[in-house]
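Since the structure comes first, as structure tokens, the remarks are kept for the end.
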Amino acid sequence: MPVDTVTLARYLVGKTLVHDLPRSRVGGRIVETEAYPVGDAAGHAFRGQTPRNRSLFLERGHAYIYFAYGSCWCTNVSSETCGVGGGVLIRALEPLEGIALMRRHRALSRLFDLARGPGRLSAAMRIDRRLDGLDLCSGASPLWLGTAVRPVGEIRATTRIGLSREAHRTLRFYERGSPFISGPRRLLS
DNA sequence: AGTGCGATTGACT
DNA sequence: GTCAATCGCACTA
């Protein structure tokens with residue numbers, strides 16, 4: 001696993017994210033990420049460690065899950081060494097496994113909208129605070145990162161979504177041409 | 001104790 | 001394309 005945040009954000013595109021539920025499994029291919037490296041004023045770790053963001057300071061590869069806008073859970077991977085704050089936001093997933101169950105979690109039928117956006121993918125995969133702080137690479141967690149199921153396409157970089165600070169930095173990565181990424185369609189190509 | 005504000009989404013024009 | 005709901009948390013007093 002790469003040792004810096006930006007490289008990790010690129011590396012995660014094409015890998016899988018899987019959640020083992022009591023009776024079944026849901027998961028998919030990561031097609032879009034955003035990097036929040038050390039020293040980035042837009043990152044939750046920027047102002048130091050607090051009870052809310054403590055998982056960002058765990059060794060790289062742990063889950064940081066936070067609640068945004070009163071309704072959405074967002075799923076991140078910690079990306080630095082223990083004690084240093086940094087993370088990668090998982091923004092969109094190409095659904096692969098347990099699609100019928102994910103549709104039920106989202107009460108929605110369109111496959112392309114199932115996991116297109118950080119809050120949507122967390123809802124589809126039933127990810128919430130209970131999974132915060134888990135080691136995503138240990139092999140023992142119900143939420144885990146898996147290897148790529150097929151070769152990844154061209155990875156493109158653009159500006160991150162929804163920020164006021166550091167808005168110019170191109171730290172959003174996505175698989176070119178994927179219909180499963182979030183944001184305006186014009187950014188697809 | 002009170003205030004302000006999002007790493008968003010879904011509904012609506 | 002625009003816009004407001006919603007609430008946990010950080011920050012100020």
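All values reported here derive from a predicted model rather than from experimental measurement. Reckoned from all heavy atoms, side chains included, excluding hydrogens, waters and symmetry mates.
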Counting the atoms with a prime plus P, OP1 and OP2 as sugar-phosphate, which does [X] contact under 4.0 Å by heavy atoms, base, sugar-phosphate, or nothing?
| X | answer |
| --- | --- |
| A/Arg165 | nothing |
| A/Arg52 | sugar-phosphate |
| A/Ala42 | base |
| A/Leu89 | base |
| A/Ser71 | nothing |

Practice problem: Measure from NZ or CZ of A/Arg176 to the centre of the six-membered ring of A/Tyr174 and say whether it is under 6.0 Å with the direction within 45° of the ring axis. | Solution: no
_Cation over ring face, A/Arg160 and A/Tyr36, 6.0 Å, 45°_ = yes
Quick check for you: among [options], whose closest atom lies nearest to any side-chain atom of [X]?
| X | options | value |
| --- | --- | --- |
| A/Cys72 | C/dG8, B/dA7, B/dT9 | B/dT9 |
| A/Arg47 | C/dT6, C/dC11, C/dA10 | C/dC11 |
| A/Phe67 | C/dC7, B/dA7, C/dC9 | C/dC7 |
| A/Leu163 | B/dG10, B/dA7, C/dG8 | B/dA7 |

For nucleotides 11-13 of chain B, give me every protein contact, N/O to N/O, under 3.5 Å, one pair per line with atom names.
none

Answer for the Watson-Crick or wobble partner of B/dT3, both distances under 3.5 Å, is C/dA10
Can a donor-acceptor pair be found between the side chains of [X] and [Y] at a distance below 3.5 Å?
| X | Y | value |
| --- | --- | --- |
| A/Ser182 | A/Glu32 | yes |
| A/Asp135 | A/Trp144 | no |
| A/Ser78 | A/Glu59 | no |
| A/Thr170 | A/Thr158 | no |

The single option from A/Lys15, A/Arg10, A/Arg29 that satisfies salt bridge (charged side-chain N to carboxylate O under 4.0 Å, His left out) with A/Glu175 is A/Arg29
Measure [atom1]/[X] against [atom2]/[N] and give the value in whole Å, please.
| X | N | atom1 | atom2 | result |
| --- | --- | --- | --- | --- |
| A/His44 | B/dC5 | NE2 | C1' | 11 Å |
| A/Phe46 | B/dG6 | CZ | P | 14 Å |
| A/Leu121 | B/dT8 | CG | P | 12 Å |
| A/Asp132 | C/dG8 | CG | P | 15 Å |
| A/Leu114 | B/dT9 | CG | P | 13 Å |
| A/Trp73 | C/dT6 | CH2 | C1' | 13 Å |
| A/Arg106 | B/dT9 | CZ | C1' | 9 Å |
| A/Tyr64 | B/dA7 | OH | P | 9 Å |

Requested in this report: For the residue pair A/Phe67 and A/Trp73, categorise the inter-ring angle as parallel (less than 30°), tilted (30 to 60°) or perpendicular (more than 60°).
Outcome: tilted
Assert: residue with more 5' nearest nucleotide on DNA chain C, out of A/Tyr69 and A/Arg129, is A/Tyr69
Contacts of A/Thr75 and A/Arg120 projected onto DNA chain B by closest heavy atom; the upstream (5') one is A/Thr75
* Decide yes or no for A/Asp4 and A/Pro37: does some side-chain heavy atom of the first lie under 4.5 Å from some side-chain heavy atom of the second? => no
From the list A/Thr16, A/Leu17, A/Leu121, A/Val152, side-chain contact (heavy atoms from CB on, under 4.5 Å) partner of A/Ile30 resolves to A/Leu17
Here the residues of residues 30-40 of chain A within 4.0 Å heavy-atom distance, strictly under, of DNA chain B are A/Tyr36
Exercise for review: Report yes if a side-chain nitrogen or oxygen of A/Arg172 is closer than 4.0 Å to either non-bridging phosphate oxygen (OP1 or OP2) of B/dA7; otherwise report no.
Suggested key: no
In short, A/Thr5 meets A/Gly86 closest at the heavy-atom pair OG1-CA, 4.4 Å
